[in-house]
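Structure record follows, encoded as structure tokens.
Chain identifiers are assigned alphabetically (A, B, ...) following the order of the sequence lines, protein sequences preceding nucleic acid strands; residue numbering begins at 1 within each chain. If you're wondering where the values come from, they're calculated on a predicted model, not measured in any experiment.
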2 protein chains.
Amino acid sequence: MEEDVKEGTSDKYSLRGRVFSRLREDILNGKYDEGVELREIAIGEELGVSRTPVREAFRQLELEGLIKIIPNKGAYVVGISDKDVRDIYILRSRLEGLAARWAVDNITEEQMEEMEENVYLAKFHTEKGHNEQIFELDNRFHELLYEASGSKILEHQLKDYHQYVLRIRKKTLASAKRGTQSNLEHEAILEAIKNKNHDDAERLAHEHMINAYKNMLDNGLIKPE
Amino acid sequence: MEEDVKEGTSDKYSLRGRVFSRLREDILNGKYDEGVELREIAIGEELGVSRTPVREAFRQLELEGLIKIIPNKGAYVVGISDKDVRDIYILRSRLEGLAARWAVDNITEEQMEEMEENVYLAKFHTEKGHNEQIFELDNRFHELLYEASGSKILEHQLKDYHQYVLRIRKKTLASAKRGTQSNLEHEAILEAIKNKNHDDAERLAHEHMINAYKNMLDNGLIKPE
DNA sequence: GCCTGTATTATTGTATACAATTGCTCTGAC
DNA sequence: GTCAGAGCAATTGTATACAATAATACAGGC
């Protein structure tokens, strides 16, 4: 998997950036269970760095909500509950709809071209069952949508949520059926944006999230409310 | 004004927490203009601490989007543009609507009582023209709404935005007319929640944000698109 | 005059040393 | 046996020392 998905907030060439990316990935991938205490020295030794960059990475992870730091005590991994996932998908359904609506007016030529290429390529990899590529293309499609919205605030927010549910999304797309369906939905969103149809774009992006959420429910990846 | 509005992410009794809160407040209050370079040593000397807590605070501020750190170069203040404010109000209009809808089912007895007291008290202070109290009560009303939504994710998000536009909100409420109107809108939202009317609650909270936004436009606090 | 390369300086990045706090264990009184 | 308190060990909080990087100024060649 790629290492540094959220560029701009962590330079991957500094020790701190590497610690941050690594811990983030490890937490999202479930290496550390909920409630586990992360010790600065232990993490530092594992990654071959001193406490300083580890501490700085901790502060960032806390603000992302991935760990909770209790002063003078320690840093503890915060899990993502099924309720959190549900909430995020509801929020995403509304905000991605807004992003698609705004993208109609703000998408650039380059973004449109990359989005078309993305959908085209995804069709190929879905047929071949290349899960890793499907995952990456899905990631990129959504990031493109966020960037195309023309709103730094909305983009930042949606990228956050997108990363947050990374673990569960990976499982979801592994199902071939959802992969195909998801790609068709991407294509429909792209068409609506191309046709300058604000309402369709918003509605389709909204439904796309709801469908992704329902798929998780159907496959038992999360429990219903 | 209160100092540490965002509890849970910064303990105000550590040096780092104090640096974080202080810089956050200074940036939001406009002490540092957009693009200003913040030097670790200078900030440290100003607050009487070493570089270590300053650096940690910087990392957090970057993640909040208040400063931008360029590796090996420096930390630069990121301003809040009129467009950012506009975007946030659009997002808030949608998310506060959602919060109000969810609050119908999740608000506790205590929260409901505090909300009623809040609206009642605000009426008094509005008549008297007590701007500081009006501001605090408005703050609290919205935080209560977020907490009552029963979603940590949504609550966290809305509190962030709420803080982010702190500076401009203070100016807005200072106008007596808006203060009165705002309080009437709070009362209407409260009634809808009490009557278990999901649609009304969402619609009214949505409109409340749109009205606040329009008021800022009318008073020339931000430029239109 | 202008370009280029080098030396200098200022600033950030990292490691380490020291201080403060917490939690635990052991002891002893009852 | 249980509880309270002292002392110890482990961990975090902060300061400082050192390393690496980037910007600047300046000298020399053309």
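The side chain of Arg55(B) lies closest to dT12(C), out of dA15(D), dT12(D), dT12(C). The side chain of Asn72(B) approaches dG13(C) more closely than any other nucleotide in the set dG13(C), dA15(D), dT14(C). Among the nucleotides dT16(D), dT12(D), dG13(C), the one closest to the side chain of Thr52(B) is dT16(D).
Atom P of nucleotide dT16(D) and atom CG of Leu15(B) are separated by 12 Å, given to the nearest angstrom. Taking atom CD on Glu37(A) and atom P on dC24(C), their separation rounds to 10 Å, with Å as the unit. Across the protein-nucleic acid pair, Ile67(B) atom CD1 and dT12(C) atom C1' stand 13 Å apart, rounded to whole Å. Distance OH (Tyr13(A)) to C1' (dA22(D)): 18 Å, rounded to an integer number of Å. Between the CD atom of Glu40(B) and the P atom of dT11(C) there is a distance of 11 Å, rounded to whole Å. Remark: P of dA15(D) and CG of Leu47(B) are 11 Å apart, rounded to the nearest angstrom. Distance, Arg16(A) CZ to dG13(C) C1': 10 Å, rounded to whole Å. At whole-Å resolution of the value, OH in Tyr76(B) and C1' in dT11(C) are 10 Å apart.
Using a 4.0 Å heavy-atom criterion, one finds that Arg39(A) contacts the sugar-phosphate atoms exclusively. In this structure, Ile70(A) reaches neither bases nor backbone, as no heavy-atom distance under 4.0 Å exists between it and the strands shown.
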Practice task
Check the pair Asp87(B), Ser151(A) against side-chain hydrogen bond (donor to acceptor under 3.5 Å, both in side chains), reporting the backbone distance first and the verdict last.
Solution key: CA-CA 7 Å; Asp87(B) 288 353; Ser151(A) 167; 2.7 Å; yes
Exercise for the section: Test side-chain hydrogen bond (donor to acceptor under 3.5 Å, both in side chains) on Gln157(A) and Tyr146(A) and set out the steps. Expected result: CA-CA 9 Å; Gln157(A) 191 51 48; Tyr146(A) 308 155; over 6 Å; no
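Along DNA chain C, the nucleotide nearest to Pro71(A) and the one nearest to Glu56(A) differ in position, and the one closer to the 5' end is contacted by Glu56(A). Two residues, Gly74(A) and Ser50(B), neighbour DNA chain D, and the one matched to the more 5' nucleotide by heavy-atom proximity is Gly74(A).
The distance from the CG atom of Asn118(A) to the CZ atom of Arg140(A) is 8.0 Å, given to the nearest 0.5 Å. Expressed to the nearest 0.5 Å, how far CG of Leu158(B) lies from CG of Leu145(B) amounts to 8.0 Å.
Using cut-offs of 30° and 60° on the angle between ring planes, the pair Phe141(A) and His186(A) is parallel.
Contact annotation: Arg59(A) reaches the phosphate of dG13(D) (side-chain N/O to OP1 or OP2, under 4.0 Å).
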